[in-house]
Trainee: 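For reference, the structure I am asking about is given below.
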Amino acid sequence: EAAAGLAPPRRMSVTPVRLREGASTQDELHRRASEGAPDGTAVVAQRQTAGRGSRGRGWDSPEGGLWLSVLWRPRPGDDPRLLSLRAGLAVAEVLDGVGGVPRVQLKWPNDVIVDGRKVGGLLCEARWLGAELSWVAIGLGLNVRNAPPADARMPAASLAEWRADLDPAALAAPMAEVLARLGGRGTLTAEELSAWRARDWLLGHRLCAPLAGVARGIDSLGGLRIETADGPRTVASGDASIVELA
């Protein structure tokens, strides 16, 4: 049983719906959710024609990458606010288990980093009915065999640089399962904070955004802690941009 105050653990086996091509797995998942698709439904596309990242940015999604969305429906006691951070930790653990890839790091709030370059990102989109949360679509875009975008906002890479034999189709089911099982507690546990710190790519870097200062990790509510010239500050959301190593 779940400890007092914690959401019950989710245990499920997921078989993703596979599309040859689609505009966006997020949009397809939202459509299925609106029609009553069950918790844990997953959609994966070999290619997206209108993929998107955070803040409405376009996401290059050619064949060879993993373009996946998973449906997360809240249960009693669930809180969705930290899903993106927890999803990053789950994805990193799966990739570490693959072998042959340098240790995976995470860039707050939703980027997956290998060897200092972005290999993937996460996007959590909620849908509400009035004041009640109906569902969250958890999206994962991962460069596997595809050429990384040349115009990315930060240096990018594909996992094939280290493991040319990786198959995005084979990664879909294990990734979908860990994302479908995410808990929804409202604060990060000590174990989760320790796991994040061990992968925190921003830690110790000097930032120019969202505030000027030095990144000092995250707090239990998922906020980015920044040591500024005026003292410590915590930012709840936004993009982080690096100036140089502190």
Side-chain angles (χ1 to χ4, degrees), residues 14 16 18-21 25 42-48 51-54 57-70 84-124 138-182 192 194-205 215 217-218 239-242 244-245:
V14 177
R18 296 180 183 270
L19 307 176
R20 175 70 181 83
E21 180 178 289
T25 59
V43 176
V44 62
Q46 290 186 37
R47 176 176 177 267
Q48 293 184 123
R52 62 178 178 273
S54 60
R57 301 186 184 103
W59 186 279
D60 191 31
S61 314
E63 191 164 348
L66 176 61
W67 322 120
L68 171 71
S69 294
V70 179
S84 182
L85 298 180
R86 290 188 168 115
L89 288 172
V91 167
E93 289 179 6
V94 172
L95 291 179
D96 278 352
V98 164
V101 177
R103 180 168 173 78
V104 178
Q105 294 181 283
L106 299 168
K107 176 179 177 286
W108 181 92
N110 53 15
D111 289 342
V112 182
I113 307 294
V114 175
D115 194 28
R117 288 171 288 166
K118 181 174 177 176
V119 298
L122 292 143
L123 176 65
C124 293
I138 306 173
L140 169 65
L142 193 64
N143 299 326
V144 184
R145 291 180 176 175
N146 58 298
D151 58 350
R153 296 171 63 247
M154 68 174 293
S158 292
L159 296 175
E161 182 173 327
W162 301 279
R163 282 286 305 275
D165 60 320
L166 282 183
D167 180 2
L171 286 173
M175 286 297 186
E177 288 194 6
V178 296
L179 295 177
R181 293 172 183 168
L182 292 176
E192 288 172 322
S194 177
W196 183 275
R197 186 176 182 85
R199 298 185 186 275
D200 190 347
W201 186 71
L202 285 178
L203 188 65
H205 279 72
I218 63 173
D239 283 339
S241 299
I242 290 174
E244 60 183 355
L245 276 174

Trainee: Would you say Leu202 and Ile242 make side-chain contact, with heavy atoms under 4.5 Å?
Mentor: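 Counting from C-beta outward, Leu202 and Ile242 do come under 4.5 Å.
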
Trainee: Over all heavy atoms of both residues, which pair between Pro109 and Leu85 is shortest? Give the atoms and the distance, please.
Mentor: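 Taking every non-hydrogen atom into account, O-CD2, 3.4 Å.
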
Trainee: Within a strict 4.5 Å, meaning less than it, do heavy atoms of the Ile138 and Leu182 side chains meet?
Mentor: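 Yes, side chains in contact.
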
Trainee: Quick check: closest heavy atoms across Val104 and Ala92, and the distance to 0.1 Å?
Mentor: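 Residues Val104 and Ala92, closest heavy atoms: CG1-CB, 3.7 Å.
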
Trainee: Flag the pair Arg163 / Val98 as yes when at least one side-chain heavy-atom distance between them is below 4.5 Å, and no otherwise.
Mentor: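 Of all side-chain heavy-atom pairs linking Val98 with Arg163, at least one is under 4.5 Å.
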
Trainee: What residues, two or more places apart in sequence or in another chain, satisfy side chain to side chain donor-acceptor pair (under 3.5 Å) together with Asp111?
Mentor: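 Residues passing side chain to side chain donor-acceptor pair (under 3.5 Å) with Asp111: Lys118.
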
Trainee: Do Trp67 side-chain atoms and Pro62 backbone N/O form a donor-acceptor pair below 3.5 Å?
Mentor: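 Indeed, once roles are kept as given, a pair shorter than 3.5 Å links the two residues.
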
Trainee: Indicate the atoms forming the closest heavy-atom contact of Asn143 with Ser158, along with that distance.
Mentor: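 Shortest heavy-atom separation between Asn143 and Ser158 comes out as CB-OG, 3.4 Å.
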
Trainee: Just to verify, what does Arg18 make a salt bridge (charged side-chain N to carboxylate O under 4.0 Å, His left out) with, not counting sequence neighbours?
Mentor: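 Partners of Arg18 under the salt bridge (charged side-chain N to carboxylate O under 4.0 Å, His left out) test: none.
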
Trainee: For Gly65 versus Asn146, what's the shortest heavy-atom pair and its separation?
Mentor: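 Closest pair (atom of Gly65, atom of Asn146, distance): CA-OD1, 3.3 Å.
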
Trainee: Glu21: what forms a side chain to side chain donor-acceptor pair (under 3.5 Å) with it, not counting sequence neighbours?
Mentor: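 Result, side chain to side chain donor-acceptor pair (under 3.5 Å) vs Glu21: Arg47.
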
Trainee: For Leu122 versus Ser84, what's the shortest heavy-atom pair and its separation?
Mentor: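 So the two residues come closest at CD1-O, 4.0 Å.
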
Trainee: Do the non-hydrogen side-chain atoms of Gln105 and Asp115 ever get within less than 4.5 Å of each other?
Mentor: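 Gln105 vs Asp115: side chains apart.
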
Trainee: Give the minimum heavy-atom separation between Gly217 and Asp200, together with the two atoms involved.
Mentor: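 Looks like CA-OD2, 3.4 Å.
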
Trainee: Output, in order, the C-alpha distance, side-chain angles, deciding distance and verdict of side-chain contact (heavy atoms from CB on, under 4.5 Å) for Val91 and Leu140.
Mentor: CA-CA 9 Å; Val91 167; Leu140 169 65; 4.1 Å; yes

Trainee: Just to verify, what does Trp196 make a ring pair (Phe, Tyr, Trp, His ring centres under 6.0 Å) with, not counting sequence neighbours?
Mentor: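 None.
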
Trainee: Do Met175 and Leu95 have side chains that approach each other closer than 4.5 Å (heavy atoms only, starting at C-beta)?
Mentor: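 Yes, their side chains come closer than 4.5 Å.
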
Trainee: When you look at Asp167 and Arg145, which way does the side-chain contact (heavy atoms from CB on, under 4.5 Å) test go after all the steps?
Mentor: CA-CA 8 Å; Asp167 180 2; Arg145 291 180 176 175; 4.2 Å; yes

Trainee: Going by the rule side chain to side chain contact (heavy atoms under 4.5 Å, CB included), which residues pair with Thr25 if we only count those two or more places apart in sequence or in a different chain?
Mentor: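 In terms of side chain to side chain contact (heavy atoms under 4.5 Å, CB included), with neighbours along the sequence ignored, Thr25 is linked to Val43, Ala45, Gln48, Ser69.
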
Trainee: Residues two or more places apart in sequence or in another chain: which of them pass side chain to side chain contact (heavy atoms under 4.5 Å, CB included) with Arg103?
Mentor: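 Only Asp96, Ala198, Arg199 meet the side chain to side chain contact (heavy atoms under 4.5 Å, CB included) criterion with Arg103.
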
Trainee: Within the structure provided, determine whether Glu63 and Arg20 are in side-chain contact (heavy-atom separation under 4.5 Å).
Mentor: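 They are in contact (side-chain heavy atoms under 4.5 Å apart), so the answer is yes.
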
Trainee: Considering residues at least two apart in sequence or located in another chain, which fulfil the side chain to side chain contact (heavy atoms under 4.5 Å, CB included) criterion with Pro155?
Mentor: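 Counting only residues at least two positions away or on another chain, Pro155 forms a side chain to side chain contact (heavy atoms under 4.5 Å, CB included) with Arg117.
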
Trainee: Which value, rounded to the nearest 0.5 Å, describes the distance between Arg52 atom CZ and Leu123 atom CG?
Mentor: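 Between Arg52 CZ and Leu123 CG, I get 6.5 Å after rounding to 0.5 Å.
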
